[in-house]
Number of protein chains: 2
Amino acid sequence: MEETPTSRAERRRRTEERILSAARTVFAERGFERATIRAIASMAEVDPALVMQYFGSKQELFDQAVRIPAIPPLNGALDELVEELLARVVIKIGPIPQASLAMMRSMLTHPEAAEGVRARLDEQVGQLGAAIPARDAELRAALMISTMLGVTIAHQLLDLTALRDVPADRLAKIVRPALVALTGPDAAAEES
Amino acid sequence: MEETPTSRAERRRRTEERILSAARTVFAERGFERATIRAIASMAEVDPALVMQYFGSKQELFDQAVRIPAIPPLNGALDELVEELLARVVIKIGPIPQASLAMMRSMLTHPEAAEGVRARLDEQVGQLGAAIPARDAELRAALMISTMLGVTIAHQLLDLTALRDVPADRLAKIVRPALVALTGPDAAAEES
DNA sequence: TCGTTGAGTCAACAACCGTTGAGTGAACGG
DNA sequence: CCGTTCACTCAACGGTTGTTGACTCAACGA
């Protein structure tokens, strides 16, 4: 069973990843302000000073911890985009990356996190808006994103009782028509 | 011009309200953790110690500051309810009470605030669900509330660029069909 | 008029947190 | 084999924050 891999580079790599993992967990459940370097170090079974030595500051640790490997682009036909949105925040109910949860948890109280989320959402709004034919394309896209954001927050972070233990496909089935409705007016309903 | 109203009870009442007002402002824009008693006291032009003397603790100050005078009930026909929801979080664009903003700002990082918001939202979900005929009434109600929550957060707290300076009625016009879609299946679209 | 009450201030304590610098011992390279 | 490097620890500093106790002074009641 796994001999102690006493190799310098290897040990370094492992404890660094252990710290990052602990950081993601603690940031995700407490948010930036309440998360303490000491708690993260303790969970990673490491001295707090080591965290500083590796990452320089709490903010840089946060940045590295929430950095998502790639920004999955958002393009294709409108119907596929709706489905993709649903898949991302509803279907992927368990494996919503802890990095994203950490960012969302902190976005209302930590300015840097707010900026990060805003930038990422703005980007998605742009991509999504490009696929919407209606006037107000960007506005509609922003409202679609806002909707998914609200569902995610209520479900994952606030833990609304009515949303507990609801299978993903039931959520998707109900939310889908709402998203479609946001994509544009399907017929009349236009007046001065 | 307003002679100094040197009456003991009156002075007390006024500075207390000044502190509460400052608390609402600071809590709303910084959240519970980042808001400091000293900052609140400074804004109220009062010594920090006085805040403690009046309210006992930071948490009690928060409780009193975000306590909303009455819980506006939510009942009536379904159409009216949708309109009421829209009115509350979209139309009332300016005068969303600072107390509510303070609670929302803190709800992701401060457990007490989270509990308060959850309780209030659960209550609204119950009231709204009672007016929805479809099966999954409560689930649908929860998703409607979640949608409005998302729009409010994106618009008021995150300040999404696509939602900046958008007149309230334009928002309402686009969001309304989505809310209606969440109230239930209007026709077929039901299979195994 | 005079003792009492209470609004408001000042200085400080205790705890916590991010951060730092010196130090230790084992892996590394020659 | 030995000096160097480097992962890692220990103890502490400095700043901020919630909170407290003693104090001042003007309004109050008799």
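Each chain gets a letter, A, B and so on, in the order the sequences are listed, and its residues count up from 1. Since we're looking at a predicted model, the values are computed, not measured.
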**Request:** May I ask you to decide whether R13(B) forms a salt bridge with E17(B), counting only side-chain N to carboxylate O separations under 4.0 Å?
**Result:**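 A salt bridge is absent here (no side-chain N lies under 4.0 Å from a carboxylate O).
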**Prompt:** So, are E123(B) and R120(B) salt-bridged, with charged N and O less than 4.0 Å apart?
**Reply:** no
**Prompt:** Reading DNA chain C 5' to 3', which nucleotide is the first, and which the last, to come under 4.0 Å of any heavy atom in chain A?
**Reply:**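 Range of nucleotides within reach of chain A: dC17(C) to dC28(C).
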From [X] [atom1] over to [Y] [atom2], what is the distance, rounded to the nearest 0.5 angstrom?
X       : Y       : atom1 : atom2 : value
L20(B)  : I40(B)  : CG    : CD1   : 9.5 Å
R170(A) : D136(B) : CZ    : CG    : 4.5 Å
T183(A) : I174(B) : OG1   : CD1   : 11.0 Å

Per the ring-ring contact (aromatic ring centres under 6.0 Å, His included) rule, what does the pair list look like for [range], sequence neighbours excluded?
range                       : value
residues 120-149 of chain A : none
residues 14-46 of chain B   : F27(B)-F32(B), F27(B)-F62(B), F32(B)-F62(B), F32(B)-H110(B)
residues 113-139 of chain B : none

**Request:** For E60(A) and S57(A), indicate whether the former's side chain and the latter's backbone hold a donor-acceptor pair under 3.5 Å.
**Result:**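 Such a contact is absent between E60(A) side chain and S57(A) backbone.
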Output a table of donor-acceptor pairs, distance under 3.5 Å, between side-chain atoms of residues 140-152 of chain B and any protein atom two or more places apart or on a different chain; print 'none' if there are none.
unit_1: R140(B); atom_1: NH1; unit_2: L182(B); atom_2: O; d: 3.0
unit_1: S146(B); atom_1: OG; unit_2: A142(B); atom_2: O; d: 2.7
unit_1: T147(B); atom_1: OG1; unit_2: L143(B); atom_2: O; d: 2.9
unit_1: T152(B); atom_1: OG1; unit_2: M148(B); atom_2: O; d: 2.7

**Message:** Reading DNA chain D in the 5' to 3' direction, which nucleotide is the first one with an atom under 4.0 Å from a heavy atom of chain B, and which is the last?
**Reply:** dT17(D) to dC28(D)
For DNA chain D, which residues in [range] have a heavy atom at a distance below 4.0 Å?
range                     : value
residues 21-29 of chain A : none
residues 38-50 of chain A : R38(A), V46(A), D47(A), A49(A), L50(A)
residues 51-61 of chain B : M52(B), S57(B), K58(B)

Counting only pairs under 3.5 Å, give me each side-chain donor-acceptor contact of residues 43-56 of chain B, with atom names and distances, residues two or more places apart or in other chains.
unit_1: D47(B); atom_1: OD1; unit_2: A49(B); atom_2: N; d: 2.8

**Fill in**
The side chain to side chain donor-acceptor pair (under 3.5 Å) partners of D79(A) (sequence neighbours excluded) come to none
**Message:** Once you apply a heavy-atom cut-off of 4.0 Å, does A9(B) come out as touching a base, just sugar-phosphate, or nothing?
**Reply:**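 The residue A9(B) makes no contact with any strand.
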**Asked** Considering residues at least two apart in sequence or located in another chain, which fulfil the side chain to side chain contact (heavy atoms under 4.5 Å, CB included) criterion with L108(A)?
**Response**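 Listed in chain order: R105(B), M107(B), L108(B), I153(B), L157(B).
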**Message:** Can you tell me if R24(A) has over 12 outside heavy atoms packed within less than 6.0 Å of its CZ?
**Reply:** yes
**Message:** Are P111(A) and R34(B) packed together at the side-chain level, in the sense that at least one heavy-atom pair is separated by less than 4.5 angstrom?
**Reply:**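 Side-chain contact under 4.5 Å: yes.
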